[in-house]
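What follows is a set of notes on a single structure, which appears directly below.
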Amino acid sequence: MFHVELVDEQWDVVGAVARVFGERASLAEAYYASLASDGVVRGLIGPREVPRLWVRHVLNCAVVGELVGANESVVDVGSGAGLPGIPLAIARPDVRVTLVEPLLRRSVYLQEFVDSVGLSNVSVVRGRAEQEGVVKEVGGADVVTSRAVAPLERLVRWSLPLVRVGGRMLALKGSSAAEEISRDRASLGRLGAGKLEVVECGVGVLPVPTIVVSAERVPHHRHRSQRH
């Protein structure tokens, strides 16, 4: 049975799920059910998050697909319970998603879920984004995503080495996103992050849009003169 959250009586959860996931809505429901059961038991999701899984987690992550081009490759760093990578992969079957997660219990859960539902456009890599082996294995991606992993400057240090030049880092952030950009713009530029902007996803779909910091990886030599 489809579970409807009592988030806002004016918000149509069922309609939003259908709009975002289309013919793959059943996969999204399976992921929701897994998070609400296995995810809680295995300590990946707090019990208090269960009543708001759709709006704050599954749909909140899936709408980032608005910023990903057709057939692009995505690396999701610090994937945890699979957020945002799994909802994104369900919503966008044309996109190839690699989930990078260092903790064994989390990476095991991710692989078990992917295998159980036959999510063929997802692979799981256990490791940290900054590890040389991980960079070699998954580097050169069109897009690198992250969610609530670390402050923006640290995210750039982890994410940009995995992105091809001209590719993008998409960091799901809260209301302080613009402040982080203003505070760290100079250092982010020295790290090779250009075209920094705050983007809202899911406008008209979610009761509160998802806030994303987008940064393009630019050729590093453009920023060398700023170091001194």
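Worth knowing before you read on, the calculation uses all heavy atoms, side chains too, and leaves out hydrogens, waters and symmetry mates.
Closest heavy-atom contact between Val135 and Leu162: CA-CD2, 3.7 Å. Considering every non-hydrogen atom in both Asp94 and Asn71, the closest pair reads OD2-N, 2.8 Å. Heavy atoms only, all atoms of each residue included: Gly43 and Arg105 are closest at O-NH1, 3.7 Å. Nearest heavy atom pair, residue Pro87 against residue Val58, reads CB-O, 3.4 Å. The heavy-atom pair separating Leu155 from Ala171 by the smallest distance is CD1-CB, 3.8 Å. Heavy-atom minimum distance, Glu49 versus His57: OE1-NE2, 2.7 Å.
None of Ile86, Leu83, Leu88, Thr145 except one satisfies the side-chain contact (heavy atoms from CB on, under 4.5 Å) rule with Cys61; the exception is Leu83.
The environment of CZ in Arg42 is crowded: more than 12 heavy-atom neighbours from other residues, nucleotides or ligands sit within 6.0 Å. Surrounding CZ of Arg96 are more than 12 heavy atoms belonging to other residues, nucleotides or ligands, all under 6.0 Å away.
At a threshold of 4.0 Å, the pair Glu179-Arg183 does not count as salt-bridged, since none of the basic side-chain nitrogens sits closer than that to a carboxylate oxygen. Ionic pairing of Asp142 and Arg168 is not present here: no N-O contact between side-chain nitrogen and carboxylate oxygen is shorter than 4.0 angstrom. Using a cut-off of 4.0 Å between Lys/Arg side-chain N and Asp/Glu carboxylate O, Arg106 and Glu101 are scored as salt-bridged. For the pair Lys173 and Glu180, the salt-bridge criterion is met [side-chain N within less than 4.0 Å of a carboxylate O].
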side-chain contact (heavy atoms from CB on, under 4.5 Å) for Leu196 and Ser214? Distances and angles first, verdict last. CA-CA 6 Å; Leu196 287 153; Ser214 174; over 6 Å; no
side-chain contact (heavy atoms from CB on, under 4.5 Å), that's the test. Do Asn121 and Leu119 meet it? Break it down for me. CA-CA 6 Å; Asn121 61 326; Leu119 205 52; 3.9 Å; yes
Could you walk me through whether Gln111 and Leu99 satisfy the side-chain contact (heavy atoms from CB on, under 4.5 Å) test, starting with their C-alpha distance in whole Å, then the side-chain angles of each, then the deciding distance to 0.1 Å, before giving a yes or no? CA-CA 9 Å; Gln111 191 65 63; Leu99 310 175; over 6 Å; no
Apply side-chain contact (heavy atoms from CB on, under 4.5 Å) to Val143 and Val163, showing your working. CA-CA 6 Å; Val143 177; Val163 183; over 6 Å; no
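Side-chain contact between Val213 and Ile181: present, with at least one pair of heavy atoms (C-beta onward) separated by less than 4.5 Å. In this structure, the side chains of Val134 and Val100 come closer than 4.5 Å at one or more pairs of heavy atoms. Contact annotation: the side chain of Leu59 approaches that of Val17 to within less than 4.5 Å [non-hydrogen atoms, C-beta and beyond].
Ser116 places a side-chain N or O within 3.5 Å of a backbone atom of Phe113 that can act as its donor or acceptor partner.
Between the side chains of Ser187 and Asp184, no donor-acceptor pair of N or O atoms lies under 3.5 Å.
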Please set out all donor-acceptor pairs under 3.5 angstrom arising from side-chain atoms of residues 21-28, sequence neighbours excluded.
{"residue": "Arg24", "atom": "NE", "partner": "Ile90", "partner atom": "O", "Å": "2.6"}
{"residue": "Arg24", "atom": "NH2", "partner": "Ala89", "partner atom": "O", "Å": "3.2"}

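Note on Val208 and Leu53: separate hydrophobic clusters, where clusters join Ile, Leu, Val, Met, Phe, Trp and Tyr whose side-chain heavy atoms are under 4.5 Å apart, directly or indirectly.
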